[in-house]
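In what follows, every heavy atom counts, from backbone to side chain, and hydrogens, waters and symmetry copies are set aside.
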Amino acid sequence: MHWEHTNERNHVPESTASKESFSWALAQLRDCLDNHLECNGNAEDPLLPTRVLDVGAFQESIKLLETRGTRGQYMTLSHCWGDPKLMTAKLTVKTLEDYQIEIPYNKLPPTFRDAVEVTRRLAIRYLWIDSLCIIQRDEDDSDRNKERANEDWMTESSKIGRIYNCLYVGSLLQAKNSGV
């Protein structure tokens with residue numbers, strides 16, 4: 001971000017989770033998009049990644065959406081995977097259908113919950129998190145499911161550059177002690 005363009009350079013809200021912080025962040029985002037050619041890019045929304053999380057509005061359920069060429073604005077979460085045993089939610093062949101109906105909020109690691117809340121508070125509908133949007137292998141997968149996960153990883157990982165290049169807002173969050 002070009003900090004010389006911010007209106008309130010010297011003001012720092014006490015809490016990054018406060019209404020004041022999100023109002024400030026949203027105002028800065030809108031200012032960038034409205035007033036800086038290098039920030040607003042194309043007038044047309046980019047193609048969404050193959051799968052995104054539809055986080056909806058507050059209190060709505062989260063679900064995995066197969067985008068099929070849909071355009072829209074989305075955030076991404078870049079995070080450290082850490083200990084795989086602490087990964088309480090990930091997309092696998094077995095969870096794919098369930099996640100398209102609903103991903104239980106309480107099953108998400110704290111870092112993912114934070115990303116959902118930030119996305120919602122910035123009034124963005126879609127969120128991309130690699131482990132929830134690219135099919136992951138599961139230890140007890142059948143050979144067929146392992147193959148499907150590998151194929152999905154090969155296809156989707158080749159698109160990561162575009163995913164990060166076309167995002168609306170990126171988020172880099174670090175978890176305390178958990179690794180996710």
Side-chain angles (χ1 to χ4, degrees), residues 41-180:
N42 297 328
E44 185 176 38
D45 286 338
L47 286 172
L48 291 171
T50 304
R51 295 180 204 94
V52 292
L53 304 177
D54 185 344
V55 300
F58 292 99
Q59 306 303 318
E60 286 185 24
S61 64
I62 303 160
K63 63 183 174 183
L64 183 69
L65 176 69
E66 298 265 356
T67 62
R68 296 182 174 87
T70 303
R71 293 184 175 274
Q73 298 170 343
Y74 63 96
M75 272 188 67
T76 61
L77 171 66
S78 181
H79 66 98
C80 174
W81 271 59
D83 185 349
K85 294 176 189 136
L86 298 175
M87 186 63 75
T88 56
K90 67 179 180 178
L91 181 62
T92 65
V93 173
K94 293 176 188 172
T95 61
L96 180 62
E97 287 183 24
D98 290 341
Y99 282 10
Q100 289 174 328
I101 297 166
E102 180 178 17
I103 301 172
Y105 185 80
N106 63 346
K107 296 272 186 191
L108 297 175
T111 304
F112 293 11
R113 281 185 258 153
D114 288 347
V116 168
E117 294 308 313
V118 169
T119 303
R120 286 174 169 169
R121 289 182 78 176
L122 290 176
I124 300 170
R125 183 172 176 181
Y126 304 113
L127 173 63
W128 186 87
I129 302 174
D130 60 356
S131 57
L132 291 174
C133 296
I134 299 174
I135 297 173
Q136 309 295 312
R137 284 179 56 174
D138 206 10
E139 286 182 24
D140 60 346
D141 271 345
S142 67
D143 288 342
R144 184 172 184 229
N145 285 353
K146 286 178 184 174
E147 185 178 323
R148 182 166 178 206
N150 286 341
E151 287 172 6
D152 196 66
W153 171 252
M154 293 302 290
T155 300
E156 297 305 314
S157 66
S158 71
K159 300 174 185 177
I160 288 176
R162 187 190 67 78
I163 289 169
Y164 283 104
N165 190 47
C166 295
L167 66 93
Y168 188 61
V169 178
S171 177
L172 175 62
L173 299 176
Q174 293 180 332
K176 295 179 183 171
N177 303 323
S178 71
V180 286

I'd like to know if [X] and [Y] make a salt bridge, using a cut-off of under 4.0 Å between side-chain N and carboxylate O.
X	Y	result
E102	K63	no
E151	R148	no
D98	K107	no

Of all the heavy-atom pairs spanning [X] and [Y], show the shortest one and how long it is.
X	Y	result
I62	R120	CG1-NH2, 3.6 Å
I134	E156	CG1-CB, 3.6 Å
I163	Y74	O-OH, 2.6 Å

Just verifying a value: how many Å separate [X] [atom1] and [Y] [atom2], rounded to the nearest 0.5 Å?
X	Y	atom1	atom2	answer
L127	C133	CG	SG	7.0 Å
K159	M154	NZ	CE	13.0 Å
I124	M75	CD1	CE	5.5 Å
R51	D152	CZ	CG	4.0 Å
I103	L53	CD1	CG	5.0 Å
T50	W128	OG1	CH2	10.0 Å

Contact between [X] and [Y] at the side-chain level, heavy atoms closer than 4.5 Å - yes or no?
X	Y	answer
R137	N150	yes
T70	L47	no
L77	T111	yes
V93	I135	yes
P49	Y126	no
L96	E66	yes

Report task. Would you sort out whether D141 and K94 count as a side-chain contact (heavy atoms from CB on, under 4.5 Å), showing the intermediate values? Result -> CA-CA 8 Å; D141 271 345; K94 293 176 188 172; 3.9 Å; yes
**Report entry** Under 3.5 Å: donor-acceptor pair, side chain of D138, backbone of D140
**Finding:**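 Answer holds: no.
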Query raised in the report: Quick one: does S131's side chain have a donor or acceptor within less than 3.5 Å of a partner on A89's backbone?
Result: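 Absent.
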